[in-house]
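One structure is given below, encoded as structure tokens.
The model shown is predicted, which means the values in this text are computed figures rather than measured ones. All chains are named by letter (A, B, ...) in the order of the sequence lines, taking the proteins before the strands, and each is independently numbered beginning at 1.
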2 protein chains.
Amino acid sequence: MARKQGSHSEITGPKVRAAALRLIARYGCAAVSMRQIAAEVGVQAGALYNYINDKQSLLFDLMESHMKELLEAAAQVDLSGDAPAALERFTRFHIQFHLPRRDQVFVSYMELRNLNEENFAKIEAMRRSYEDQLETILKTGVANGDFVVTDTRVTTLGLIALLTGITNWYDPQGRLDIDTVQAIYVELVSKAVAA
Amino acid sequence: MARKQGSHSEITGPKVRAAALRLIARYGCAAVSMRQIAAEVGVQAGALYNYINDKQSLLFDLMESHMKELLEAAAQVDLSGDAPAALERFTRFHIQFHLPRRDQVFVSYMELRNLNEENFAKIEAMRRSYEDQLETILKTGVANGDFVVTDTRVTTLGLIALLTGITNWYDPQGRLDIDTVQAIYVELVSKAVAA
DNA sequence: CATTTAACTGAACGGGCGTTCGATTGAAAA
DNA sequence: TTTTCAATCGAACGCCCGTTCAGTTAAATG
């Protein structure tokens with residue numbers, strides 16, 4: 001068997017995904033051609049098909065990877081203690097996880113419409129699972145009298161939109177560092193649901 | 001001169017824009033062909049060019065129209081009285097304006113990347129103008145001691161993300177009517193910035 | 001050194017793209 | 001009734017698309 005070590009595929013494979021992620025985040029899936037992705041990687045278009053089945057599953061893989069990473073990281077968040085403390089930790093986690101992943105966030109939110117029904121359902125289930133972690137915190141806080149929230153589901157979706165929206169304007173070279181942004185949003189979120 | 005009255009152009013023109021808006025909101029600009037838009041209208045693709053210069057300017061027109069409508073409507077909002085009252089009216093306005101315009105909101109936010117530099121700058125300036133109306137309310141409230149906000153600019157962007165996010169999940173056939181949604185968000189927003 | 005085969009090239013496939021334009025149509029104007 | 005021309009058709013333009021695949025290359029194996 002030839003070339004088990006030193007194989008290029010372990011280099012090219014990730015490069016394909018990285019190039020696709022960057023280009024799709026910037027221009028949208030439909031606006032990016034396989035030839036553009038290939039050029040970014042430095043191969044011909046046909047070579048991409050050593051690493052992907054087709055464009056559709058490339059897109060889905062990017063989104064699924066992002067959501068899996070998110071769920072795994074979110075599972076590590078310490079939600080012990082009272083609801084206000086858990087909410088603060090969740091808020092800080094959400095920001096620090098999403099801010100360095102602008103491309104992934106863009107793709108995972110804007111390319112949902114390009115998924116087929118089956119793949120869409122998978123991504124939505126994962127997103128729902130993440131949302132439920134926040135809603136559980138809110139429900140706990142309401143039950144304990146720490147929070148006053150009219151509708152925990154709507155508030156969950158609202159808070160996630162509030163937090164994820166940061167990726168639309170945050171500039172790492174701008175006047176605010178991540179800690180400052182976290183502090184601002186921790187205040188907004190905790191006050192919004194406070195008793 | 002023939003056919004000044006009864007001309008089809010006054011019918012077909014708006015139909016082209018309506019079909020383009022619906023299709024682009026659903027599938028994205030790059031994924032929708034001129035032939036698809038034409039089929040929706042009931043003409044051949046070539047006929048579209050009686051009403052548009054090219055695909056780019058069709059997209060821009062849709063976005064510009066939406067932003068103009070928004071600014072005109074926002075200018076009618078009563079912002080007299082104290083800051084908390086103005087904030088509640090702004091919140092209610094934002095929701096009732098955006099909720100029935102899901103397609104316009106989708107297109108105006110997700111197709112920004114498909115605009116050239118000049119057109120992008122125009123849309124962004126209009127959006128900034130709208131945001132500034134909210135920031136002015138926040139600044140007034142902070143100055144009067146009605147609000148406590150660490151950063152009015154960041155809070156403005158956050159609140160708009162919070163409110164606009166409703167269009168991503170609201171279902172007119174769902175369990176909540178617009179009044180209820182407005183009430184929930186008025187509470188969230190006013191508490192978030194409260195002193 | 002000879003062999004093997006993973007990785008990649010480069011051409012080709014059928015098809016759809018945005019856009020243009022001469023020909024056609026049919027209702028209002030004369 | 002004849003003329004006019006706004007509105008539209010329908011074909012064509014050159015180009016790029018996603019994907020396939022026989023052939024080439026070159027590095028690890030034996």
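- Under 3.5 Å, the side chains of A/Y27 and A/R22 contain no donor-acceptor pair of N or O atoms.
- Here the C1' atom of nucleotide D/dT19 and the CG atom of A/L48 are 11 Å apart, to the nearest Å.
- Under a 4.0 Å N-O distance rule, the pair B/E124/B/R128 does not qualify as a salt bridge.
- Rounded to an integer number of Å, the gap from A/I52 CD1 to D/dT19 C1' is 10 Å.
- At D/dT8, one or more side-chain N or O atoms of B/Y51 fall inside 4.0 Å of OP1 or OP2 (strictly under the cut-off).
- With sequence neighbours excluded, no residue forms a ring-ring contact (aromatic ring centres under 6.0 Å, His included) with A/Y185.
- Checked against a 6.0 Å centroid threshold, the rings of A/F90 and A/Y130 count as neighbours.
- Summarising the geometry, the separation between CD1 on A/I11 and P on C/dA6 is reported as 17 Å, rounded to the nearest angstrom.
- Looking only at distances, a side-chain donor or acceptor of B/R89 sits under 3.5 Å from a matching main-chain atom of B/D78.
- Here C/dT19 presents its C1' atom at 14 Å from CG of B/L58, a figure rounded to the nearest Å.
- Atoms CD (A/Q44) and C1' (D/dC17) sit 15 Å apart, rounded to a whole Å.
- Checked against D/dG18, C/dT19, D/dA7, the side chain of A/K55 finds its nearest nucleotide in D/dG18.
- A salt bridge links B/K122 to B/E118: at least one charged side-chain nitrogen sits closer than 4.0 Å to a carboxylate oxygen.
- Of the residues in residues 21-40 of chain A, those lying under 4.0 Å from DNA chain D by heavy-atom distance are A/V32, A/S33, A/M34, A/R35.
- Closest approach to the A/T12 side chain among C/dG18, C/dC8, D/dG18 is made by C/dC8 (side chain taken as heavy atoms from C-beta onward).
- At whole-Å resolution of the value, OH in A/Y49 and C1' in D/dG18 are 5 Å apart.
- Along DNA chain D, the nucleotide nearest A/Q56 and the nucleotide nearest B/G42 are compared for position; the residue whose nucleotide lies closer to the 5' end is B/G42.
- Heavy atoms only, all atoms of each residue included: B/E131 and B/T156 are closest at O-CG2, 3.4 Å.
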If you restrict it to nitrogen or oxygen atoms, what contacts under 3.5 Å exist between nucleotides 21-24 of chain C and the protein, and what is each distance?
none

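- Going from atom CG of A/N50 over to atom P of D/dT19 covers 14 Å, rounded to whole Å.
- Using a 3.5 Å distance cut-off with no hydrogens or angles, the side chains of A/E187 and B/T150 do pair a donor with an acceptor.
- The pair B/D132-B/R127 does not meet the salt-bridge criterion, since no charged nitrogen lies less than 4.0 angstrom from a carboxylate oxygen.
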